[in-house]
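Before any comments, here is the structure.
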Amino acid sequence: MRPRTPASPRAAGLLAALLGLLLPFLAFTTPAHAAPTGFRVENGRLLEASGNDFVMRGVNHAHTWYADRLGSLAHIKAKGANTVRVVLSSGDRWTRNDAADVANVVAQCKQNRLICVLEVHDTTGYGEQSGAVTLSRAADYWIGVRSALAGQEDYVIVNIGNEPYGNTNYTAWTADTKAAIQKLRNAGFDHTIMVDAPNWGQDWAFTMRDNAASVFAADPDANTVFSIHMYGVFDTAAEVSDYLGRFVSAKLPIVVGEFGHNHSDGDPDEDTILAVTRQLGLGYLGWSWSGNGGGVEYLDMVTNFDPNQLTSWGRRLFEGADGIAATSEEAAVYGSGSGGDTTPPTAPGAPSASAVTSSSATLTWGAATDANGVTGYDVVRIGGGTESTVTTTAGTSATVTGLTPATSYTFAVYARDAAGNRSQRSATVTVTTSSGGTTGACEIGYRVTGEWPGGFQGEVTVRNTGRSAVNGWTLRWTFPADQRITHMWGGTPTQSGAQVSVASASYTASIPASGSVSLGFTASRTGANPSPTAFGLNGADCSVA
């Protein structure tokens with residue numbers, strides 16, 4: 001999904017279309033084909049290699065724009081999803097995800113016991129969106145990273161290209177989709193293939209609906225699944241039911257590959273989408289976990305990738321009626337159910353604290369071990385005989401924020417594995433925050449020196465207001481929005497979510513008394529660009545110029 005133009009007028013005659021469900025849709029026969037080695041389609045259903053019916057229940061994750069957020073897969077799994085649709089780039093519009101990165105994505109999906117739907121986003125709105133590429137180009141990308149996908153047919157579904165046509169020349173979708181499928185089959189791909197609808201994925205002209213049978217027949221493996229994206233075009237129960245019902249009647253496999261609770265082109269009927277997919281046994285993948293911009297930030301399911309900050313949309317999708325928690329079943333290939341993994345991980349090592357300020361502290365601990373892999377850690381605060389989770393992470397460190405000055409806190413850590421088993425609690429660490437209201441001998445100047453769509457350049461000046469020199473420093477701040485540093489001079493940045501830590505470069509390490517040094521950076525952004533309001537130098541709070 002990307003911000004899209006308003007949908008064109010829909011075809012008339014909805015009542016006639018609904019009545020048409022009572023009549024035979026078309027007569028379809030399944031061509032003879034070799035049995036796929038992993039997922040396969042039979043009688044309009046998506047089956048695992050074992051023959052188990054598989055119904056996707058999951059979300060989309062914008063990996064290509066947030067490559068350092070792959071730990072989100074553990075959080076998505078922890079919310080109950082069985083599938084994640086991962087945004088990749090062929091390199092035509094965004095940074096290319098190479099074979100090594102794709103292999104890592106697949107490995108992380110498997111470690112978190114998720115089925116991986118991988119999609120190329122550079123095709124979005126082809127024919128209407130500047131820079132968008134063809135399905136043939138997307139197929140070439142898949143062939144180029146095939147080494148990461150061969151042998152993963154039990155775990156991976158290849159979604160050739162996201163929303164491969166806008167509202168211009170979209171009738172070419174049928175021939176182009178057939179050709180792309182055949183190109184992949186000729187290159188040796190045995191995976192289930194997923195194809196998105198044209199018209200920015202919403203198929204308001206019914207090109208995919210009316211040509212799905214011929215596209216399916218063009219796949220020599222008869223192993224293609226169709227994906228409809230439901231936004232403003234699908235704002236009534238009748239439209240949702242009619243569209244999905246026609247595919248089911250025709251025994252053609254269909255999933256809702258994207259949908260939301262709201263959109264710039266209208267108000268989707270998400271309650272019907274969830275109810276009808278449950279009734280018909282169809283999969284759905286909500287858009288999207290976090291990181292949206294361009295005016296559709298309301299489609300974030302969690303705020304700033306924090307699994308403990310579910311938005312209203314996230315609560316509806318994960319916890320509401322017919323939502324993920326209530327209807328998701330883990331893929332049988334992971335051996336869920338009786339006889340599955342019941343052994344918890346070992347307890348993590350005792351946490352240690354560093355970079356303690358008046359309002360935050362960084363905790364680090366030794367990794368836990370598990371026969372099938374640790375997928376995440378829960379950091380808890382202990383007090384008054386109770387404990388509460390303060391953050392969840394896939395790594396072995398976390399920064400806890402929002403603390404009160406001059407206050408003692410006790411923290412501990414639990415480990416989780418992919419089956420949901422939780423370890424014993426680690427040993428505890430007690431942290432006392434520094435007093436508030438005073439600052440260290442430092443002053444920070446922050447300014448934006450240039451902006452452009454999707455990015456900006458900034459400058460940070462670090463002033464030593466003390467009476468002695470500073471020799472070596474670490475500067476920390478938190479971005480208020482979704483800014484991500486892409487390059488820096490004058491220091492070495494590390495960014496985890498919105499939190500930035502910068503270590504001095506050799507030529508900026510020394511700051512004489514009453515002196516200053518400057519560092520510059522470029523960064524990406526998808527929405528507003530507010531400035532940080534608090535900075536810390538070597539653990540001490542700084543004043544802001």
Side-chain angles (χ1 to χ4, degrees), residues 1-5 60-72 86-98 101 119-126 128-133 141 162-163 264 287-300 302-306 444-462 475-503 505 508 517-535 544-545:
M1 196 281 293
R2 296 291 287 169
R4 41 176 72 73
T5 55
N60 287 262
H61 173 59
H63 172 68
T64 200
W65 304 306
Y66 299 98
D68 61 340
R69 291 293 191 173
L70 203 52
S72 293
V86 180
V87 178
L88 301 176
S89 173
S90 61
D92 293 285
R93 297 177 66 183
W94 300 282
T95 301
R96 185 177 190 270
N97 299 101
D98 60 17
D101 186 42
E119 61 102 339
V120 166
H121 217 76
D122 306 64
T123 57
T124 305
Y126 176 71
E128 184 175 346
Q129 178 67 54
S130 176
V133 299
Y141 167 77
N162 183 70
E163 301 177 1
S264 54
W287 186 278
S288 73
W289 179 248
S290 197
N292 285 286
V296 294
E297 290 83 358
Y298 50 78
L299 288 173
D300 280 2
V302 300
T303 301
N304 291 330
F305 293 91
D306 183 348
I444 305 299
Y446 177 97
R447 69 189 185 100
V448 173
T449 58
E451 289 187 278
W452 55 88
F456 70 101
Q457 181 172 324
E459 180 185 75
V460 179
T461 300
V462 184
L475 178 68
R476 290 184 170 85
W477 73 81
T478 300
F479 277 125
D482 65 348
Q483 300 100 323
R484 311 287 300 177
I485 290 177
T486 55
H487 180 65
M488 176 174 283
W489 50 99
T492 302
T494 301
Q495 185 166 353
S496 176
Q499 296 161 354
V500 178
S501 176
V502 180
T508 60
V517 295
S518 294
L519 46 144
F521 64 90
T522 57
S524 64
R525 63 183 177 90
T526 59
N529 190 21
S531 298
T533 57
F535 297 82
V544 181

In sequence, state the C-alpha distance, the side-chain angles, and the governing distance for Ile444 and Trp477, and then conclude on side chain to side chain contact (heavy atoms under 4.5 Å, CB included). CA-CA 10 Å; Ile444 305 299; Trp477 73 81; over 6 Å; no

Please report the C-alpha distance between Tyr126 and Val133 in whole Å, then the side-chain angles of each, then the deciding distance to 0.1 Å, and finally whether the side chain to side chain contact (heavy atoms under 4.5 Å, CB included) criterion is met. CA-CA 6 Å; Tyr126 176 71; Val133 299; 5.5 Å; no

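Arg525 contributes atom CZ, which lies 11.5 Å from atom CZ of Phe479 (distance to the nearest 0.5 angstrom). Atoms CG and NE2, from Leu88 and His63 in turn, are 6.5 Å apart once rounded to the nearest 0.5 Å. Note that OG1 of Thr461 is 7.5 Å distant from CZ of Arg447, once rounded to the nearest 0.5 Å.
A donor-acceptor pair is defined here as one N or O able to donate and one able to accept, closer than 3.5 Å; such a pair exists between the side chain of Glu297 and the backbone of Gly295. Side-chain atoms of Arg93 come within 3.5 Å of backbone N or O of Thr124 as a donor-acceptor pair. Proximity of a side-chain donor or acceptor of Ser524 to a complementary backbone N or O of Gly454 within less than 3.5 Å is not detected. Remark: side-chain polar atoms of Gln483 are not paired, donor with acceptor, to backbone N or O of Phe456 under 3.5 angstrom. A distance-only check finds no donor-acceptor pair linking the side chain of Gln457 to the backbone of Trp452 [under 3.5 Å]. Of the possible polar contacts, one joining the Asp482 side chain to the Thr526 backbone as a donor-acceptor pair under 3.5 Å is found. Counting only distance, with no hydrogens or angles, the side chain of Tyr141 and the backbone of Val120 share no donor-acceptor pair below 3.5 Å.
The shortest heavy-atom contact between Pro480 and Ser531 is CG-O, 3.3 Å. Of all the heavy atoms in Asn162 and His121, the pair that sits closest is ND2-CE1, 3.2 Å. A pairwise comparison of heavy atoms in Thr508 and Val517 identifies O-CG1, 3.8 Å as the closest pair. Between Ser290 and Phe305, the closest heavy-atom pair is OG-N, 3.0 Å. Shown here for Gly125 and Ala132, the closest heavy-atom pair between the two residues is C-CB, 4.0 Å.
For the residue pair Ser501 / Thr494, no side-chain donor-acceptor distance below 3.5 Å is found, with atom types taken as modelled.
Applying the side chain to side chain contact (heavy atoms under 4.5 Å, CB included) test between Trp287 and each of Val296, Val87, Asp300 identifies Val87 as the sole match. The residue from Thr95, Asn97, Asp122 that alone fulfils the side chain to side chain donor-acceptor pair (under 3.5 Å) condition with Ser89 is Asp122.
Ring geometry, Tyr446 versus Phe521: the interplanar angle falls from 30° to 60°, so the pair is classed tilted. Trp489 and His487 have tilted rings, their planes meeting at an angle from 30° to 60° on a 0 to 90° scale.
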